[in-house]
Amino acid sequence: MELKFRPLHPLFVAEASTVDLRQVHDAETLARIRAGMDEYAVLVFRDQPFADNEQLDFAQRLDGALHTKLGISALQKNRFGNEALGDISNLDENGEIISSDNRRRMYSLGNRLWHTDASFQDPAGHYSMLSAKVVPPVAADTEYADMRAAYDALPAEIKARCEGLHVHHSIAHSRQTLGFEFSESEQEALKGAIHPLIRTIPRSGRRSLYLASHTSRIIDWPVPEGRLLLRDLIEHATQPQFVYRHEWRVGDLVIWDNRATMHRGRPFDDTKHRRELRRVTTLDIVEPAAVASPA
């Protein structure tokens, strides 16, 4: 059966028809998923019982090279022993809920800020794929913002002002805004990266803002002036009409395009309820012919 998508929001986000992504190896279906990503930027796949290796394998089939330079890697080792497998949980290496003053928890609170994965690296993140293993009995949702629609809605004079600007992205900056302190060696490992403020998405050709809480300054601008513009743009891009809120179910796999969206986790009582998800992010690099859509 042909894979179909049902829109979940007027501007972006769609839910896929029934499919077992573990069994998807054919070029036609993989190309259909990529085309869905070009159109919707966020795709929701239900009932995907991925083992960790299966999620990693699928991500590579869909989009190639995996991101392994996670920000948390500068602080501690990955509990799964594989830096390509992001630990989006409130659990320690023994599977127990971490304490409220745990340093990893303090660092992870930054995920509640609007961000785009791996923008503090070069190459940055392309697709992120988040798999829900344990979902708490209370709302622990994730919000997504359509940065393409946000760009389209900007006044012409703001678009012109933003054209050609480049921005420094630093995960140390976003964490420090919350009061998180880094050692000298940690800061050295998290120097950040520079990316254009406005991007053109390959294949779709759509223009998009490329923003995040990680954005620390606009290159060649006075820092205060640059940060004010960045703050104004983030406020514009996260207005309700541009935002979708995802209510997680066990077995959900949500894929999003980091070049076209921002996202944030919403708060819940993470010192009481278990929540465990796994994230795999691919690298934003020139697409090899093997993953290009067929003619």
Side-chain angles (χ1 to χ4, degrees), residues 21-22 30 33-34 37 48 50-93 98 103-111 113 115-133 142 168-175 180 182-183 185-195 199 202 210 212-216 253-265 276-288 290-291:
L21 294 176
R22 298 173 302 175
L30 291 170
I33 295 171
R34 295 183 204 109
M37 291 296 296
Q48 304 295 322
F50 278 112
D52 292 347
N53 64 308
E54 291 171 333
Q55 184 178 352
L56 291 162
D57 289 346
F58 170 72
Q60 290 179 300
R61 290 198 302 276
L62 181 65
D63 202 46
L66 303 183
H67 169 55
T68 58
K69 296 180 180 179
L70 308 181
I72 191 68
S73 303
L75 277 67
Q76 62 182 54
K77 292 183 178 179
N78 183 292
R79 70 181 173 113
F80 307 124
N82 186 340
E83 297 297 340
L85 197 62
D87 180 11
I88 311 301
S89 80
N90 58 344
L91 307 178
D92 63 19
E93 61 277 6
I98 57 180
R103 194 163 186 256
R104 181 167 76 84
R105 178 179 179 271
M106 293 293 103
Y107 177 90
S108 297
L109 289 176
N111 289 331
L113 300 171
H115 64 285
T116 181
D117 291 334
S119 68
F120 54 91
Q121 300 284 358
D122 190 8
H126 184 197
Y127 293 158
S128 284
M129 308 175 202
L130 191 57
S131 173
K133 308 296 184 184
T142 301
H168 178 253
H169 293 241
S170 164
I171 198 168
H173 167 75
S174 64
R175 270 38 181 188
F180 189 90
F182 293 89
S183 68
S185 62
E186 290 167 348
Q187 292 209 57
E188 180 67 22
L190 299 171
K191 287 185 173 180
I194 296 171
H195 301 290
R199 301 189 58 170
Y210 192 62
S213 58
H214 305 326
T215 50
S216 70
L253 181 83
V254 179
I255 308 177
W256 63 89
D257 188 338
N258 285 290
R259 307 165 305 178
T261 63
M262 286 195 302
H263 64 282
R264 65 175 179 177
E276 184 164 12
L277 302 95
R278 306 273 203 280
R279 192 193 72 214
V280 179
T281 300
T282 58
L283 290 175
D284 182 19
I285 56 179
V286 176
E287 297 169 337
V291 301

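Just so you know, these numbers come straight off a predicted model, no measurement behind them. Residue numbers count from 1 along this sequence.
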Criterion side-chain contact (heavy atoms from CB on, under 4.5 Å) on Leu56 and Leu66, from CA distance to verdict
CA-CA 8 Å; Leu56 291 162; Leu66 303 183; 3.8 Å; yes
Audit row: Phe58, Val280, side-chain contact (heavy atoms from CB on, under 4.5 Å) steps and yes/no:
CA-CA 10 Å; Phe58 170 72; Val280 179; over 6 Å; no
Evaluate side-chain contact (heavy atoms from CB on, under 4.5 Å) for Asp52 paired with Asn82, printing each intermediate quantity in order.
CA-CA 10 Å; Asp52 292 347; Asn82 186 340; over 6 Å; no
Pair Leu21, Leu253 - check side-chain contact (heavy atoms from CB on, under 4.5 Å), show working.
CA-CA 9 Å; Leu21 294 176; Leu253 181 83; 3.5 Å; yes
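Look at Arg279 and Asp87 and you find no salt bridge, because none of the NZ, NE, NH1 or NH2 atoms lies under 4.0 Å from a carboxylate O. For the pair Glu186 and Lys191, the salt-bridge criterion is not met [side-chain N within less than 4.0 Å of a carboxylate O].
In this structure, the separation between CD on Gln121 and OG1 on Thr68 is 8.5 Å, given to the nearest 0.5 Å. Interatomic distance, Leu113 CG to Arg264 CZ, rounded to the nearest 0.5 Å: 9.0 Å. The line from OG1 of Thr215 to CD1 of Ile194 is 13.0 Å long, rounded to the nearest 0.5 Å. For the atom pair CG (Leu190) and CD1 (Ile171), the distance works out to 7.0 Å, reported to the nearest 0.5 Å. Atom-to-atom distance recorded for Leu62:CG and Asp57:CG is 12.5 Å, nearest 0.5 angstrom. To the nearest 0.5 angstrom, Tyr127 atom OH is 14.5 Å from Asp117 atom CG.
Without hydrogens or angle criteria, Arg175 side chain to Phe180 main chain gives no donor-acceptor distance under 3.5 Å. Of the possible polar contacts, none joining the Asp284 side chain to the Ala124 backbone as a donor-acceptor pair under 3.5 Å is found. Judged by distance alone, with hydrogens and angles left aside, the side-chain atoms of Gln55 form a donor-acceptor pair with the main-chain N or O of Met129 at under 3.5 Å. A side-chain donor-acceptor contact under 3.5 Å links Thr116 to the backbone of Asn258.
Each of Arg259, His169, His195 was scored for a side chain to side chain donor-acceptor pair (under 3.5 Å) with Ser119, with one residue passing: His169.
Counted by atom type alone, Asp63 and His126 present one or more donor-acceptor pairs between their side chains at under 3.5 Å. Using a 3.5 Å distance cut-off with no hydrogens or angles, the side chains of His214 and Ser174 do pair a donor with an acceptor. No donor-acceptor contact under 3.5 angstrom links the side chains of Ser170 and Ser216, judged on distance only. In this structure, a donor-acceptor pair under 3.5 Å is present between the side chains of His263 and His115.
Closest approach of Thr281 and Gly125 over heavy atoms only: CG2-CA, 3.8 Å. Taking each heavy atom of His67 and Ala118 in turn, the nearest pair found is NE2-CB, 3.5 Å. Minimum interatomic distance between Leu91 and Ser89 (heavy atoms only, all atoms of both residues): N-OG, 3.2 Å.
Cation-pi check for Arg278 over Phe50 is not met; the charged atom does not lie both under 6.0 angstrom from the ring centroid and within 45 degrees of its normal.
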